[in-house]
Amino acid sequence: MGFPVDRPRRLRRSEAIRSFVRETDLSPGDLVQPLFVCPGRKVRQEIRSMPGQHNLSVDEAVADAQEAGALGVAAVILFGIPETKDARASGAYDPQGIVQEAAAAIKKAVPDLLVIADVCLCEYTDHGHCGVVQGTEIVNDATLDLLARTAVSQARAGADIVAPSDMMDGRVAAIRAALDAAGLAGTPILSYAAKYASGFYGPFREAAQSAPKFGDRRSHQMDPANAREALREVDLDLEEGADMVLIKPALPYLDVIRQVRDRVTVPVGAYHVSGEYSMIEAAARNGWIDRDRVMMESLLSIRRAGADFILTYYARDAARLLRR
Ligand code: PBG
């Protein structure tokens, strides 16, 4: 056939017809808001590298969670900035730790909002690494027990879902076994299955004060050049008992999101990370791009690539626009 019979513009003539033929949708229920929780009361400290995002004391995190819930956002994911850090990351698995305290308080105030706890040690170690360190090595197997203790303590405190982001081998199996042994067989694991060693995490590390004091994370996070390896990581995490998988970052890895979505039957999420957020904010603050348009286009593209849900610092802002 072809032109002049084929005229794709016919289906673009009005918003009514565009919305009628739209293939992908975005709704607040697809979105997860990350929150950074710190000690104190009435603390709402803006993160320099992430304008519009804050370090929040538990009371303020509860207020933000309430707002997210009222906007229809599906979940919050909690990151903790502990009072003190040490070599064994004791703050991560302290039953009275900052994330444990925040999870309990948010569940009490907003029971219908899902609370996800990020499971990693890097925010709690004095050296900033994701595991136990010997010399310059991040030791895999000795780290698993600490991760498992962290996940159990978070679930006990009220977290609905635990999300290991450390990229140690075998952590999903270790966490699953520990949850089951603790009577928490009903707690799902959202595994950061394909997490790349990415420059896009820079602003997060300032927010969470979790930059490594030496070296980098390339011995455990994935090489950005690899896509097949992401499928392997996903397969292994599912065999170990992951209930959902996450790809991270999002926009630079849309091909990986698509391949994973086509391969597995479990829910697939994507993390639109701090650097992705901060780049949009920086350009928008310079008047170079239309923030709201670029925000919505980014999130829609991540959905189009195949993500069922998106962790994004824009969860509340996007939900506000979607509800108009
Ligand atoms: C590790 C963790 C990181 C992020 C989420 N979980 C940082 C890292 O691996 O250095 C990054 C998220 C973002 O950049 O928004 N606890």
Side-chain angles (χ1 to χ4, degrees), residues 31-38 47-55 75-82 85 89 91-93 97-99 102 116-131 133 138 143 146-147 150-151 154 159 161-168 171 175 189-224 233 245-253 269-282 295 298-299 302 307 310-315:
L31 305 176
V32 178
Q33 176 75 47
L35 296 177
F36 297 101
V37 192
C38 66
I47 299 158
R48 195 191 53 91
S49 57
M50 299 179 72
Q53 303 298 315
H54 301 82
N55 285 348
V76 291
I77 180 164
L78 303 180
F79 297 96
I81 299 132
K85 309 193 185 210
Y93 41 88
I98 189 76
V99 161
I116 307 176
D118 182 88
V119 182
C120 190
L121 306 184
C122 66
E123 296 128 61
Y124 307 92
T125 50
D126 48 14
H127 44 65
H129 280 292
C130 309
V133 164
I138 297 129
T143 301
L146 302 185
L147 292 169
T150 302
Q154 292 168 338
I161 300 170
V162 292
S165 67
D166 52 284
M167 289 298 278
M168 296 299 117
R171 82 284 172 74
I175 290 170
I189 300 176
L190 165 61
S191 144
Y192 288 70
K195 175 172 177 181
Y196 287 88
S198 174
F200 288 95
Y201 309 148
F204 174 99
R205 290 181 189 169
E206 179 175 324
Q209 297 154 25
S210 66
K213 297 259 150 44
F214 61 89
D216 56 38
R217 306 215 200 289
R218 281 178 239 223
S219 79
H220 48 289
Q221 297 180 352
M222 284 181 53
D223 184 339
E233 283 282 6
V245 291
L246 197 64
I247 317 300
K248 174 183 175 194
L251 279 187
Y253 298 89
Y271 199 147
H272 184 240
V273 301
S274 58
E276 302 181 74
Y277 170 86
S278 296
M279 289 196 306
I280 295 174
E281 288 301 306
M295 162 176 82
S298 300
L299 298 177
I302 297 164
I310 308 172
L311 281 58
T312 174
Y313 300 96
Y314 283 129

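For ligands, and for the atoms within them, numbers begin at 1 and follow the listed sequence.
Ligand 1 places these atoms under 4.0 Å from at least one heavy atom of S165: 1 (C), 2 (C), 6 (N), 16 (N). Interface atoms of ligand 1 facing K248, defined by a heavy-atom separation under 4.0 Å, are 2 (C), 3 (C), 4 (C), 5 (C), 6 (N), 11 (C), 12 (C). Ligand 1 places these atoms under 4.0 Å from at least one heavy atom of R205: 8 (C), 9 (O), 10 (O). Every atom of ligand 1 with a heavy atom of C122 under 4.0 Å away is listed here by number and element: 1 (C), 16 (N).
For H129 against V133, the heavy-atom pair with the smallest separation is CB-CG2, 3.8 Å. Across A163 and I77, no two heavy atoms sit closer than the pair CB-CD1, 4.3 Å. Listed here is the closest heavy atom pair of H272 and I310: CB-CG2, 4.1 Å. Here the closest heavy-atom approach between residue Y277 and residue Q53 is recorded as OH-NE2, 3.2 Å. Closest non-hydrogen pair, A208 versus I81, comes out as CA-CG1, 4.0 Å.
Looking only at distances, no side-chain donor or acceptor of T312 sits under 3.5 Å from a matching main-chain atom of Y271.
Heavy-atom separations between H272 and ligand 1 are all 4.0 Å or longer. Put simply, no part of E276 is less than 4.0 Å from ligand 1, judged by heavy atoms. Residue contacts with ligand 1: Y313 is included, with a non-hydrogen atom under 4.0 Å away.
Screening V99, L147, L146 for a side chain to side chain contact (heavy atoms under 4.5 Å, CB included) with Y93, the sole residue that qualifies is L146.
Scanning the protein heavy atoms around atom 14 (O) of ligand 1, the nearest turns out to be S274 OG, 2.7 Å. Looking only at heavy atoms of the protein, atom 12 (C) of ligand 1 is closest to F204 CD1, 3.3 Å. Remark: minimum distance from atom 16 (N) of ligand 1 to any protein heavy atom is reached at E123 OE2, 2.9 Å.
Side-chain contact, E281 with Y314: a donor N or O sits under 3.5 Å from an acceptor N or O.
With a 4.0 Å cut-off on non-hydrogen atoms, Y277 does not touch ligand 1 at all. For C120, every heavy-atom contact with ligand 1 shorter than 4.0 Å involves the side chain, none the backbone. With a 4.0 Å heavy-atom cut-off, ligand 1 is reached by no atom of D166.
Around atom CZ of F200, no more than 12 heavy atoms belonging to other residues, nucleotides or ligands sit under 6.0 Å away.
Considering each of K195, M167, Q53, the one bringing a non-hydrogen atom nearest atom 9 (O) of ligand 1 is K195.
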